[in-house]
Amino acid sequence: MDLEKFVQYVHEENKVEPKDVMPDDYRKLLVRQISQHAHSEIVGMLPEANWISRAPSLRRKMALLAKVQDEAGHGLYLYSATETLGDGSIRADRDATYDDMLEGKAKYSSIFNYPTLSWADIGAIGWLVDGAAIMNQVMLMGNSYGPYSRAMVKICKEESFHQRQGYEILMALCRGTKQQKEMAQASLNRFWWPALMMFGPNDDSSPNSKISMNYRVKRESNDSLRQRFIDVTVSQAEFLGLTVPDKDLKWNEERQHYDFGELPWDEFMEILKGNGPCNKKRIETKRKAQRENSWVKEAAAAFAEKQQKEVI
Ligand code: ACO
């Protein structure tokens, strides 16, 4: 494989497709990133599902149910995109990548290791977490691997609905009673810094960025996406009448960007090591689901086999 030609090919904005020849480290990078992205979608269902039975109205319950179901769909697209990369050198089937997550060998987004303590947190997740996810995923629509890039187009459309439903929940709370507005503020206080950490470590501490950018998987750096997210989100907080919990947040006229405080990187590192507030709970929930529900997979496989025999 001519590496130079491959790099030139992706730099000319061509898409790589599953059967194309590709460098091993490109394949490996994609399996790591896309499968971790899929795990994030699937684990990300848990904090929100926690509030389905307690949504304050039927309308809110229906929207939340639909949103959580969308996240399952995103996970499935992404596992399918990952599976297109399997070959003799690397396993990429869903069982293998999922087991890696259950065994703590593969990550999922740090944000889903925080608890959802109030209904306002469902608003904050939609507004901030899905908002940050969109910022990253719009960039990923332009990534060089065809199946991943195409999955991102549909996912981004759905995520923008999620972001709006979250913001609308907070708008209702902020226009409500004093206690409701306080609940919204408390939720922003809890989710602001964790949402900023979703973009990953600072660029100079990001070991995967260089190769990822060269292969046109990542199109923008962690820090530049984080900055853009802050720049668009501050005015949304102001519109709600909420205060962003960062005393160093200040518009910088010269840079035409907000300056902001240092992120709590120690907390981020602890979460990555499995020591966040909900890491153990999330993994245990997923392990339990796998133990108790494996019969569903077995039944579906048996049914598919039976149908195939009938066709023959
Ligand atoms: N949570 C957990 N792990 C993270 C996070 C995070 N927020 N940010 C970075 N990491 C991990 C990386 O996965 C990497 O570990 P690994 O090598 O074991 O995989 C390590 O920290 C170093 O980070 P980077 O070198 O910056 O890693 P990378 O270039 O992969 O960039 C990023 C990280 C931006 C998250 C990238 O992988 C990406 O864009 N992923 C796809 C999008 C995604 O997964 N979004 C999750 C939320 S989507 C949702 O809302 C459901």
Side-chain angles (χ1 to χ4, degrees), residues 25-26 28-49 67-68 70-79 81-82 97 100-101 103-114 124-143 145 148-149 151-152 155-156 158-163 166 191 193-226 228-229 263-265 267-276 278-279 282:
D25 57 355
Y26 177 76
K28 214 170 140 203
L29 185 151
L30 286 169
V31 170
R32 174 188 65 82
Q33 177 166 324
I34 308 174
S35 64
Q36 294 192 153
H37 194 164
H39 305 329
S40 303
E41 302 281 356
I42 297 297
V43 177
M45 295 165 72
L46 297 173
E48 290 184 284
K67 177 193 189 294
V68 172
D70 284 351
E71 305 295 358
H74 299 172
L76 297 184
Y77 295 147
L78 291 167
Y79 283 122
T82 311
T97 51
D100 281 350
M101 193 260 297
E103 288 163 20
K105 292 185 208 153
K107 299 183 172 78
Y108 57 87
S109 183
S110 49
I111 191 74
F112 301 120
N113 292 303
Y114 292 88
I125 290 185
W127 172 37
L128 298 173
V129 174
D130 292 294
I134 296 171
M135 197 59 87
N136 172 280
Q137 290 170 172
V138 164
M139 170 271 290
L140 287 174
M141 288 197 304
N143 86 76
Y145 189 55
Y148 192 24
S149 150
M152 283 298 111
I155 290 177
C156 280
E158 292 180 353
E159 293 292 5
S160 69
F161 157 74
H162 298 168
Q163 197 264 355
F191 277 92
W193 295 104
L196 298 188
M197 290 190 274
M198 286 175 71
F199 295 96
N202 286 333
D203 293 349
D204 52 10
S205 316
S206 163
N208 300 299
S209 277
K210 192 167 169 232
I211 175 170
S212 190
M213 298 277 241
N214 191 35
Y215 280 148
R216 296 288 195 261
V217 174
K218 252 185 188 174
R219 307 301 308 256
E220 281 185 69
S221 81
N222 298 1
D223 285 333
S224 86
L225 288 170
R226 186 171 11 250
R228 183 166 328 132
F229 175 75
L263 273 66
W265 292 117
E267 182 177 308
F268 179 71
M269 292 319 294
E270 280 306 307
I271 290 180
L272 260 53
K273 282 192 246 157
N275 302 325
C278 297
N279 287 65
R282 300 283 183 246

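Note that this is a predicted model, so its numbers are computed, not measured. Indexing begins at 1, ligand by ligand and atom by atom, following the structure's order.
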Checklist entry - Between the main-chain N or O of Met135 and the side-chain N or O of Arg228, is there a donor-acceptor pair closer than 3.5 Å? => result no
Checklist entry - Can you list the residues that meet the side chain to side chain contact (heavy atoms under 4.5 Å, CB included) rule with Leu76, with sequence neighbours excluded? => result Arg94
Item to check | Partner residues of Ser149 under the side chain to side chain contact (heavy atoms under 4.5 Å, CB included) criterion, sequence neighbours left out | outcome: Lys15, Asn143
Checklist entry - Would Gln163 and Asp130 count as having a side-chain donor-acceptor pair, cut-off 3.5 Å? => result no
Next on the checklist: Regarding Gln36 and His39, do their side chains bring together a donor and an acceptor under 3.5 Å, going by distance alone?
Outcome noted: no
Checklist entry - Tell me, which residues have any heavy atom less than 4.0 Å from some atom of ligand 1? => result Arg32, Gln33, Gln36, His37, Ser40, Glu41, Lys107, Tyr108, Ser109, Ser110, Phe112, Ala133, Asn136, Gln137, Leu140, Tyr148, Met197, Met198, Phe199, Gly200, Pro201, Ser206, Pro207, Asn208, Lys218, Asn222, Phe268, Leu272
Item to check | Pairs where residues 194-211 contributes a residue and the test salt bridge (Lys or Arg N to Asp or Glu O under 4.0 Å) is met, not counting sequence neighbours | outcome: none
